[in-house]
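First comes the structure, then the notes that go with it.
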Number of protein chains: 2
Amino acid sequence: MEAAHLTPEPAREDRRGGRPAAGTDPQKRRQILEGAGRIFSTTGFDASSMSDVAREARVSKATLYVYFQDKEHLFTAICAERRDRNISEILSLLDTEKPFESVLTEFGTEVLTILSEPFVVAAHRIVIGVAERMPEVGTEFFERGPKRVSAALGKFLDHHVAAGRLEIADTYFAATQFLELIQASIIRPRLYGAITSPPTRDEIEKNVASAIAIMTAGYAPREQR
Amino acid sequence: MEAAHLTPEPAREDRRGGRPAAGTDPQKRRQILEGAGRIFSTTGFDASSMSDVAREARVSKATLYVYFQDKEHLFTAICAERRDRNISEILSLLDTEKPFESVLTEFGTEVLTILSEPFVVAAHRIVIGVAERMPEVGTEFFERGPKRVSAALGKFLDHHVAAGRLEIADTYFAATQFLELIQASIIRPRLYGAITSPPTRDEIEKNVASAIAIMTAGYAPREQR
DNA sequence: GCGGAATTAAACCGACCGGTTCAGTTGATG
DNA sequence: CATCAACTGAACCGGTCGGTTTAATTCCGC
């Protein structure tokens, strides 16, 4: 039963240089992840069968189970990869050396753009949907995703509070406020399927600009109010 | 096959006053809705079986299918009932005659309190989770729920814009901003299961107060800025 | 306490699920 | 070109699902 799962991490060195050990070919792994991503994101978690995934990824079901222990692990692997890619891109924008408002604008625009991608919307839907039954999936996703972004933005705000540009008691909280604000009228309707296509660049920029205006007014240093 | 579904709406008048016609006893209907609510909200949609529901509601599976056409209709019926109850309660608070800030405080507090109820969180999770596969469920939920609240709040804001207390170009949009703001740090983590218990009254009031402060600053009439 | 309708419990259906197995094919290596 | 492991395809397993059927039972107005 466990034979397939506990692939005993075949030491790279005793592989004869040529063909990758079973379940270790990175190219095939990507092939599976991408196929599975398409299936999961269009069908949801429960309604996607591993047979569907195998077909879409052009891989036999047997191979699927060599690369991934089970359906849940396959799904979390997909999430992890996409999430880490997106998050690092987002966080790199929070440069405290550059002008405050322009950084915030770029940052907000990027966050909102990524959150609007169909795949990302689908992933959020799935994770939220299974959170009741599979809490670890939900918490891990949240903590390695949204929470990290909020924390990083909080630190960024700290810097500008210290510089006197803002007056914020709880910068982490303010960060979550900003991140909620930019999503207004855009993300929620998409989550529920009331809107089916991503917002235009204009809508995104308008949302971000409005959020920045409101936050800077609301958290302006006391002497400026 | 359809016999059970197309219960030909037995005209009330030719029922002999006594026992309710099959599938029409409101007490039994409630009994089913409540049992099903408990099952769905703790197990999710896909993972709940109709047999589980029947057991929890202390009703036979056959009866279940006399009262509700299928699993989806049962679920949407639950949503509809709860939603309509909650929404009408919320909207009744938007009294334009009472003081602006206190109404907004009460309103925001009530919205946030309801959104934090375990059952409501579970319902949102489910609807979002199935939105990809069952778009009608998601859109109906959104439009008869969040959208109505935003619209009503928008109208409320209109009134106070006219009174010169605020300066808002798009009040519907501002309403969605306010509704997102009050949820900051509270609702999202719960949706993902990173927080498992409802917020305290203090947290709620703090969130609402902060949201109001930010919004009034951000949308203050120009001469006050 | 009879008659008829609502309800029940349980068996049943076909479909499909996640996951496993295995005989056979492929393809790089030496 | 022989070898050997990775991979394939399809059958297969036990289990569960949504939904239906049926025969027995409960309930209630008369």
Side-chain angles (χ1 to χ4, degrees), chain A residues 1-8 10-12 14-29 31-32 35-36 39-40 43-76 130 133-134, chain B residues 1-8 10-12 14-29 31-32 35-36 39-40 43-76 130 133-134:
Chain A
M1 174 160 83
E2 291 105 21
H5 306 163
L6 301 179
T7 313
R12 299 274 171 185
D14 67 2
R15 286 243 94 303
R16 278 175 315 300
R19 204 169 179 177
T24 67
D25 184 348
Q27 183 174 328
K28 187 142 288 192
R29 192 185 148 92
Q31 180 182 336
I32 294 174
I39 292 296
F40 281 136
T43 325
F45 183 77
D46 287 294
S48 299
S49 80
M50 290 298 265
S51 301
D52 295 340
V53 171
R55 196 179 315 113
E56 176 73 23
R58 297 179 191 283
V59 149
S60 79
K61 241 170 96 174
T63 304
L64 205 54
Y65 278 98
V66 169
Y67 278 79
F68 297 95
Q69 180 172 141
D70 57 29
K71 201 180 173 183
E72 179 176 335
H73 282 79
L74 173 56
F75 174 66
T76 55
V130 302
R133 209 169 3 125
M134 300 157 45
Chain B
M1 172 158 89
E2 292 103 23
H5 307 164
L6 301 179
T7 314
R12 299 275 172 185
D14 67 2
R15 285 247 94 278
R16 279 174 314 301
R19 204 171 182 179
T24 66
D25 184 348
Q27 185 174 327
K28 185 142 288 192
R29 191 186 148 92
Q31 181 181 336
I32 294 174
I39 292 295
F40 281 136
T43 324
F45 183 78
D46 288 295
S48 299
S49 80
M50 291 298 264
S51 302
D52 294 339
V53 171
R55 196 180 313 115
E56 177 73 23
R58 298 179 191 283
V59 150
S60 80
K61 242 171 95 175
T63 304
L64 206 54
Y65 278 98
V66 169
Y67 279 77
F68 297 95
Q69 177 172 142
D70 57 28
K71 200 182 175 183
E72 180 177 334
H73 282 78
L74 172 56
F75 174 68
T76 55
V130 302
R133 208 168 3 125
M134 300 157 45

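Chain naming here is simple, since letters A, B, ... match the order of the sequence lines and numbering starts at 1 in each.
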(request) Find out whether B/D70 and B/H73 are in side-chain contact, i.e. whether some heavy atom of one side chain is under 4.5 Å from a heavy atom of the other. (result) yes
(request) Write down the distance between CZ (A/F40) and C1' (C/dC17), rounded to a whole number of angstrom. (result) 13 Å
(request) Could you tell me the separation between the OH atom of B/Y65 and the P atom of D/dT20, rounded to a whole number of Å? (result) 7 Å
(message) Please compare B/A62 and B/K71 by the position of their nearest nucleotide in DNA chain D and report the one closer to 5'.
(response) B/K71
(message) From CD of B/Q31 over to P of C/dA6, roughly how many Å is that when rounded to an integer?
(response) 17 Å
(message) Could you tell me how far apart B/I39 (CD1) and D/dC17 (C1') are, to the nearest whole angstrom?
(response) 15 Å
(message) As an exercise, state the distance from CE of B/M50 to CG of B/L64, rounded to the nearest 0.5 Å.
(response) 4.0 Å
(request) Respond yes when some side-chain nitrogen or oxygen of B/Y67 is under 4.0 Å from OP1 or OP2 of C/dT7, and no when none is. (result) yes
(request) Can you measure from CD1 (A/I32) to CZ (A/R58) and round to the nearest 0.5 angstrom? (result) 14.0 Å
(request) Return the residues of residues 44-59 of chain B meeting this criterion: a heavy atom under 4.0 Å from some atom of DNA chain D. Order them by number, or give none. (result) B/S48, B/S49, B/M50
(request) For B/I32 and C/dA6, give me the distance from atom CD1 to atom P, rounded to whole Å. (result) 14 Å
(request) Calculate the interatomic distance between A/D25 atom CG and D/dT8 atom C1'; express it in whole Å. (result) 15 Å
(request) Verify the contact: side-chain N or O of B/T63 to OP1 or OP2 of C/dT7, cut-off strictly under 4.0 Å; return yes or no. (result) no
(request) Could you check whether the rings of B/F45 and B/F40 sit parallel, tilted or perpendicular, using 30° and 60° as the cut-offs? (result) parallel
(request) Would you kindly give the CG-to-P distance between B/L74 and D/dG19, to the nearest whole Å? (result) 10 Å
(message) So, under a plain 3.5 Å distance rule, would you say the side chain of B/K61 forms a donor-acceptor pair with the base of D/dG19?
(response) yes
(message) Taking the side chain as everything from C-beta on, heavy atoms only, tell me whether A/V59 gets closer than 4.5 Å to A/Y67.
(response) no
(message) Within the structure provided, determine whether A/R133 and A/D46 are in side-chain contact (heavy-atom separation under 4.5 Å).
(response) yes
(message) Let me confirm one number: the CZ-CD1 distance from A/R55 to A/I39, rounded to the nearest 0.5 Å.
(response) 7.5 Å
(request) To the nearest Å, give me how far apart CG (A/L64) and P (C/dC17) are. (result) 14 Å
(request) Have a look at B/K28 and say if it touches a base, only the backbone sugar-phosphate, or nothing, with a 4.0 Å heavy-atom cut-off. (result) sugar-phosphate
